[in-house]
Amino acid sequence: MSVVVSATRVVDDSRLLDLLDAGERERAHRRSDPNPFVTAHALLRRLVAEQTGADPRALSFERRCATCGTHRHGKPHIVGMRDVFVSVSYGEHLAVAAVTRLGEVGVDVEDLESADFDGFGSVTLDDAETPWLEGLVGDDLLAARALVWARKEAVLKATGHGLVVDPSQVVVSPPDQMAALVEWKAAQHPPGPTQLADVDVGARDHRAAVAVLTSRPLSVRFQPG
Ligand SMILES: CC(C)(COP(=O)(O)OP(=O)(O)OC[C@H]1O[C@@H](n2cnc3c(N)ncnc32)[C@H](O)[C@@H]1OP(=O)(O)O)[C@@H](O)C(=O)NCCC(=O)NCCS
């Protein structure tokens, strides 16, 4: 198995709640719009179940924060399946999940609209990366920004740091080239061999990427949710 990535549009379907456990349902109901959370966690459970043969309702996830060690937030793992690695990402319209046995995984999906803000470069890019976006306008610019952002965040979700590490210190390849982690400039311990790939989630208004902490070549299998 390599890395399997699945994506689906966010739906309003109360039947999906049956797949979630009590903790997830409680977290969903704390949100003003529970649908992205519910869609994403149902997708993740279905994907893991399909890849492992487990009952999607019987899966138990725990989170652990790489920074403070709490289990109240942080990177998800499956209880009792130490060799299966997962990640999930969602926004208002789209949810994405990834599962692999190769190593720690991070998946990220970005809406083009979310990359539409002044100061994107100073928040996100290393000096070496800023020329890449010069000359791009409109949706081409937003798509390039969203892709670079998704690549960086996928790496930071695979390592478990999240945005505790400044994304400008995670240098990735230019958006018109094959995805790769080029340099880790952060003070935090570098992750070691990291494979990065873009994922075509079949949505013109989103860009996604997946990272796996492994030296083995990455093959990404996409399946619609
Ligand atoms: C990881 C992070 C970048 C994701 O943010 P986002 O773009 O808003 O959200 P996404 O939809 O892409 O991903 C959300 C999922 O990422 C996962 N996640 C959360 N923290 C994570 C981390 N540190 N590493 C990997 N995955 C993480 C969770 O599964 C989360 O879903 P859930 O909250 O529904 O369980 C952001 O939550 C973050 O930076 N977290 C770390 C913050 C932190 O550690 N602060 C220090 C606290 S002591």
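Here the structure is a predicted model, which means the values were calculated and not measured. As the structure lists them, so they are numbered: ligands from 1, and atoms in each ligand from 1.
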Exercise. Are any of the side-chain nitrogens in Arg57 or Asp18 under 4.0 Å away from the carboxylate oxygens of its partner?
Worked result: no
Exercise. Just distances here: any N/O of Leu156 and N/O of ligand 1 closer than 3.5 Å?
Worked result: no
Exercise. N/O of Val107 under 3.5 Å from N/O of ligand 1, yes or no?
Worked result: no
Exercise. Do Asp13 and Arg15 meet the salt-bridge criterion of a basic N to acidic O distance under 4.0 Å?
Worked result: yes
For this session: Compare all side-chain heavy atoms of Val84 with those of Gln51 and state whether any distance is below 4.5 angstrom.
Result: no
Problem set entry | Top protein contact for atom 24 (N) of ligand 1, by heavy-atom distance | Gly160 CA, 3.4 Å
Seminar exercise, completed: Ranked by distance from atom 15 (C) of ligand 1, the top protein heavy atom is Val88 O, 3.4 Å
For this session: Look only at interatomic distance and state if His41 has a nitrogen or oxygen under 3.5 Å from any nitrogen or oxygen of ligand 1.
Result: yes
For this session: Just go through His77, Glu110, Lys75 and tell me whose heavy atom is the nearest to atom 26 (N) of ligand 1.
Result: Lys75
Exercise. Should we count CZ of Arg25 as having more than 12 external heavy atoms under 6.0 Å?
Worked result: yes
Problem set entry | For atom 48 (S) of ligand 1, closest protein heavy-atom neighbour | Cys68 SG, 3.5 Å
Exercise. For atom 8 (O) of ligand 1, is the nearest protein heavy atom under 4.0 Å away?
Worked result: no
Exercise. Tell me, do Val48 and Ile78 make a side-chain contact under 4.5 Å, heavy atoms counted?
Worked result: yes
Exercise. Hey, are Arg145 and Glu110 close enough for a salt bridge, meaning a charged N less than 4.0 Å from a carboxylate O?
Worked result: no
For this session: Give the residue and atom name of whichever protein heavy atom lies nearest to atom 47 (C) of ligand 1, and the separation in Å to one decimal.
Result: His73 NE2, 3.5 Å
Problem set entry | Asp108-ligand 1 polar pair, N/O distance under 3.5 Å | yes
For this session: Check the angle between the aromatic planes of Phe37 and Tyr90 and answer parallel, tilted or perpendicular using the 30° and 60° thresholds.
Result: perpendicular
Problem set entry | Distance-only N or O hit between ligand 1 and Ser89, under 3.5 Å | yes
Exercise. What residue and heavy atom of the protein are closest to atom 42 (C) of ligand 1, and at what distance?
Worked result: Val164 CG2, 4.2 Å
For this session: Could you check which of Lys152, Arg27, Arg72, Glu24 puts a non-hydrogen atom nearest to atom 33 (O) of ligand 1?
Result: Arg27
Exercise. Out of Ser173, Pro175, Pro174, which one pairs with Val148 under the side-chain contact (heavy atoms from CB on, under 4.5 Å) rule?
Worked result: Pro175
Seminar exercise, completed: Out of Tyr90, Phe61, Phe37, the nearest non-hydrogen contact to atom 11 (O) of ligand 1 is supplied by Tyr90
Exercise. For Leu196, which of Arg151, Lys152, Met178 qualifies under side-chain contact (heavy atoms from CB on, under 4.5 Å)?
Worked result: Arg151
For this session: Check each of Pro167, Ala66, Gly74, Ala40 against atom 28 (C) of ligand 1 and report the one with the nearest heavy atom.
Result: Gly74
Exercise. Is it true that Arg46 and Glu50 have a side-chain N and a carboxylate O under 4.0 angstrom from each other?
Worked result: no
For this session: Decide, yes or no, whether a salt bridge links Glu104 with Lys75 under the criterion of side-chain N to carboxylate O below 4.0 Å.
Result: yes
Seminar exercise, completed: Ranked by distance from atom 16 (O) of ligand 1, the top protein heavy atom is Lys157 CE, 3.4 Å
For this session: Return the residue, atom name and 0.1 Å-rounded distance of the protein heavy atom closest to atom 39 (O) of ligand 1.
Result: Leu163 N, 2.7 Å
Exercise. Less than 3.5 Å between some nitrogen or oxygen of Glu153 and one of ligand 1, yes or no?
Worked result: yes
For this session: For atom 44 (O) of ligand 1, decide whether some protein heavy-atom distance is shorter than 4.0 Å.
Result: yes
Exercise. Do Asp198 and Arg207 come within less than 4.5 Å of each other through their side chains, counting heavy atoms only?
Worked result: no
